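In what follows, chains carry the letters A, B, and so on, assigned in the order in which the sequence lines appear, proteins first and then strands, with residues in each chain numbered from 1. The structure displayed is predicted, hence computed values, not measured ones. Every heavy atom of this structure was used, including side-chain atoms; hydrogens, water molecules and symmetry mates were not.
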Protein chains: 2
Amino acid sequence: MATLADVARRAGVSTATVSRIINNSPKPVADALRERVLAAVDELQFVPNANAQQLARAHRSAVGVIVHDVSDPYFAEITRGLQRVATDHGRLVIICNSYRDPERELAYVDLLHAHQTAAIVLAGSGYHDAPVTARLDRKLRLYESTGGRVAVIGRHQHAGDAIVPENEHGAYLAGDALYRLGHTAIGVIAGPRHLTTTTDRLAGLRRAARDHGRRLTTRHIEYADFDRNGGAVAAGALLDRHPNLTALAALNDSMAIGALATLRHRGLDVPGRISLIGFDDMPISVDVTPALSTVRLALEEIGVRAMSLALREPDGEGARVEHATAQLVLRDSTAPPPGNGTRARRPGTP
Amino acid sequence: MATLADVARRAGVSTATVSRIINNSPKPVADALRERVLAAVDELQFVPNANAQQLARAHRSAVGVIVHDVSDPYFAEITRGLQRVATDHGRLVIICNSYRDPERELAYVDLLHAHQTAAIVLAGSGYHDAPVTARLDRKLRLYESTGGRVAVIGRHQHAGDAIVPENEHGAYLAGDALYRLGHTAIGVIAGPRHLTTTTDRLAGLRRAARDHGRRLTTRHIEYADFDRNGGAVAAGALLDRHPNLTALAALNDSMAIGALATLRHRGLDVPGRISLIGFDDMPISVDVTPALSTVRLALEEIGVRAMSLALREPDGEGARVEHATAQLVLRDSTAPPPGNGTRARRPGTP
DNA sequence: AGCCTCTAGGAAAGCGCTTACCTAGGAGGC
DNA sequence: GCCTCCTAGGTAAGCGCTTTCCTAGAGGCT
């Protein structure tokens, strides 16, 4: 493996000169020399050792991203936004999947810290687990104290800047839409209990119920994994328990799509017999049949904004918190309950 | 930022001892010392500088993954497999999106090389661009010559081990199935011309046509981007050109789903009026209506196998090439053409 | 012609770690 | 009781770069 010194020897110059040339530093270098060095670099197929560069240089460059799971479309979208901005700034992105395991998340923070990344973006729900949260917080602060930048997506606590999606408000919108359509027997397909996203969205649904003079009982809520299969299973459980449900609200689109499969399987027409609404507005949600009513979170844009925060120069004004708006998107999976005279309300896709 | 030396000073020992303790090297250390050091590490919140470690250490640890786009479900699935194996081996994965740009791919190979990753996994179609391919090849070989391991997915050329999906064979199966159902007017929604995956799959379709005494004319092929929108546009173009098509073969599922949207939009019943078949069997393909007939590639497994290759000890027997089998999955989007007496053949989902 | 000022390029000191090699002291053998 | 052999721990030489500081020579000025 060729080193800087090899190149220098080959070109008959000092390592300092080679270094200046390959990093095209402002220091002027004679053209003849420059060419000789470049030729040597080429002949030796020299690739500078990035670890050595990082060590010797003061500034940091790469940025780390910790998400629950990139292969989940929700995070895939966010990640796309994160990447775009990072790439535009010439930054390398290191993506880490925590698979919703807080311990792994902690380990990754250490790891990114150790690798001297310029920033860490933490995307995904927080946990209802005080000790873990506190530990995370400490690590993040420590990282910040060494000059690292932190941006979190979707959690309130912790250090650094934050993008917080309107989870409560969005869920309120979804619930409100269902009640307005005339539904009274609504089942909720919730995510894992220990995730704050679950409780935030549930809270919105509860508030909508209250506003319509109803209450969401625990027996109408089924907790499951935030994925397709979780949704399928939860829908089944809910239906077994309350055969007369006329609407299902899923706390994300993946679960809603799973629920849709269960409903289809059981021969329940959507939205004729039962309405279904999701959350997130994943790209695929328009392609299922019926097209899914949902709450839109501009996922890619959230990524873009988060990375912009992570890359901004700290202005000494402390952490910045931005909200990401949620927006109701009524498509074809919601309608008035059967037997309700109200005429179908189908604003369609905007 | 605390360094090893700070910890050593604090604990009143040498840096060598601290290093040994935090890396729990085999060298024995008295318990009293170990505790003192660990306490110091804790008090100082010491996080070792990974760059310095990498530089000083001989062995490499992280592995780099270059994919076209993680947010594309095809790559998301593969990546999931890659990650799982890497994590099981305690390796950090660095994911890089090339966004199908060969130049960016080249740059990422350099970058991963520079960062001294232990292996590079390159996933995604190759390019019909000899100069670029040659450059990539050279870079990869250079990387290998410095001890890096290389594994590629879905391309024939290049250095290192390879997993090659049966693109030609899979497409043959799809085409064959359509012809057997009695279709004669088949339109093909192809990916970008310069990708080898496109030409490989097209070749399979061509062979199927030949075997059934037909020919695939260029006018029956529409090239587009390998994504949902590409499929939607291409389907429209094809239908405009040949209104009597009774079947559409898309070269991947994303395009097929886009095509489905166009067909729905135009009021063409699938599969009653027109059949549709995809390729890849993405998880979402069962959830669209009608459920998509397709060719299954065990994506996650491909990722698992690729990472296993990348992490294996080179055995001196040279590059290993493994094939990933393609398997026909007939679901609800394919049927005999309208007016054909043959009774519907619907093996359903396995 | 002599002196001063620039400028291009080199020497060398780190960056924060790992590890081969060395040393001092204690245990054990005779 | 002295010598040898371990062993726990320390010393210091790198790993491959960047960058500060320095030097030598060229050119300009009077």
Fill in: B:Arg138, CZ: over 12 other non-hydrogen atoms inside 6.0 angstrom
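It does not: B:Arg138 CZ has 12 such atoms or fewer within range.
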[atom1] of [X] versus [atom2] of [N]: gap in Å, rounded?
X: A:Arg34; N: C:dT7; atom1: CZ; atom2: C1'; answer: 15 Å
X: B:His113; N: D:dG16; atom1: NE2; atom2: P; answer: 12 Å
X: A:Arg60; N: C:dC15; atom1: CZ; atom2: P; answer: 16 Å
X: B:Asp6; N: C:dG16; atom1: CG; atom2: P; answer: 9 Å
X: B:Ile21; N: C:dT19; atom1: CD1; atom2: C1'; answer: 15 Å
X: B:Ile22; N: C:dG16; atom1: CD1; atom2: C1'; answer: 10 Å
X: A:Leu4; N: D:dC17; atom1: CG; atom2: P; answer: 4 Å
X: B:Arg36; N: D:dA8; atom1: CZ; atom2: P; answer: 16 Å

Discussion item. Please pick, from C:dC17, D:dG16, D:dG9, the nucleotide with the shortest atom-to-atom distance to any side-chain atom of B:Leu33.
Written reply: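 Shortest atom-to-atom distance from the side chain points to D:dG9.
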Fill in: Which nucleotide in C:dT18, C:dG9, D:dT11 has an atom nearest any side-chain atom of B:Gln53
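In terms of side-chain proximity for B:Gln53, the closest of C:dT18, C:dG9, D:dT11 is C:dT18.
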Worksheet item: Mapping B:Ala52 and B:Val29 to their closest nucleotides on DNA chain D, which lands nearer the 5' end?
Response: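 Nearer the 5' end of the strand: B:Val29.
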Discussion item. If you compare every side-chain N and O of A:Ser14 against the phosphate oxygens of C:dG10 (OP1, OP2), does one of them come in below 4.0 Å?
Written reply: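 Checking C:dG10 against A:Ser14, a side-chain N or O does come within under 4.0 Å of OP1 or OP2.
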Please report, to 0.1 Å, the donor-acceptor pairs under 3.5 Å made by any side chain of residues 24-37 of chain B, with sequence neighbours excluded.
| residue | atom | partner | partner atom | Å |
| --- | --- | --- | --- | --- |
| B:Ser25 | OG | B:Lys27 | N | 3.3 |
| B:Arg36 | NE | B:Ala11 | O | 3.1 |
| B:Arg36 | NH2 | B:Ala11 | O | 2.9 |

Please produce a list of atom pairs where a protein N or O lies less than 3.5 Å from an N or O of nucleotides 19-27 of chain D.
| residue | atom | partner | partner atom | Å |
| --- | --- | --- | --- | --- |
| D:dT20 | O4 | A:Arg20 | NH2 | 2.8 |

Item to complete: Specify the residues of residues 41-48 of chain A, ordered by number, for which at least one heavy atom lies under 4.0 angstrom from an atom of DNA chain C.
Response: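 Within residues 41-48 of chain A, no residue comes under 4.0 Å of DNA chain C.
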Donor-acceptor list for residues 115-122 of chain B side chains, cut-off 3.5 Å, not counting sequence neighbours:
| residue | atom | partner | partner atom | Å |
| --- | --- | --- | --- | --- |
| B:Thr117 | OG1 | B:Leu112 | O | 3.1 |
| B:Thr117 | OG1 | B:Tyr143 | OH | 3.1 |

Worksheet item: Of the options A:Phe75, A:Phe226, A:Tyr108, A:Tyr99, which is the one that meets A:His68 in a ring-ring contact (aromatic ring centres under 6.0 Å, His included)?
Response: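 So the option named by the test is A:Phe75.
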Practice prompt. Could you tell me whether the side chain of A:Leu136 reaches within less than 4.5 Å of the side chain of A:Val109, counting heavy atoms only?
Written response: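 Sidechains of A:Leu136 and A:Val109: in contact.
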Worksheet entry | Pairwise side-chain contact, B:Glu77 with B:Ile302, heavy-atom cut-off 4.5 Å (strictly under) |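 When only atoms from C-beta onward are counted, B:Ile302 and B:Glu77 do not touch, as no gap falls below 4.5 Å.
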Fill in: Sequence-distant partners of B:Asp129, salt bridge (Lys or Arg N to Asp or Glu O under 4.0 Å), two or more places apart
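Once residues adjacent in sequence are excluded, B:Asp129 has no partner under the salt bridge (Lys or Arg N to Asp or Glu O under 4.0 Å) criterion.
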Worksheet item: What residue pairs, at least two apart or across chains, pass salt bridge (Lys or Arg N to Asp or Glu O under 4.0 Å) with a residue in residues 39-50 of chain B?
Response: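 Every pair satisfying salt bridge (Lys or Arg N to Asp or Glu O under 4.0 Å) with a residue in residues 39-50 of chain B: B:Arg10-B:Glu43.
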Worksheet entry | Parallel, tilted or perpendicular, as decided by the 30° and 60° cut-offs, for the rings of A:Tyr127 and A:His194 |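 Rings of A:His194 and A:Tyr127: parallel, as their planes differ by under 30°.
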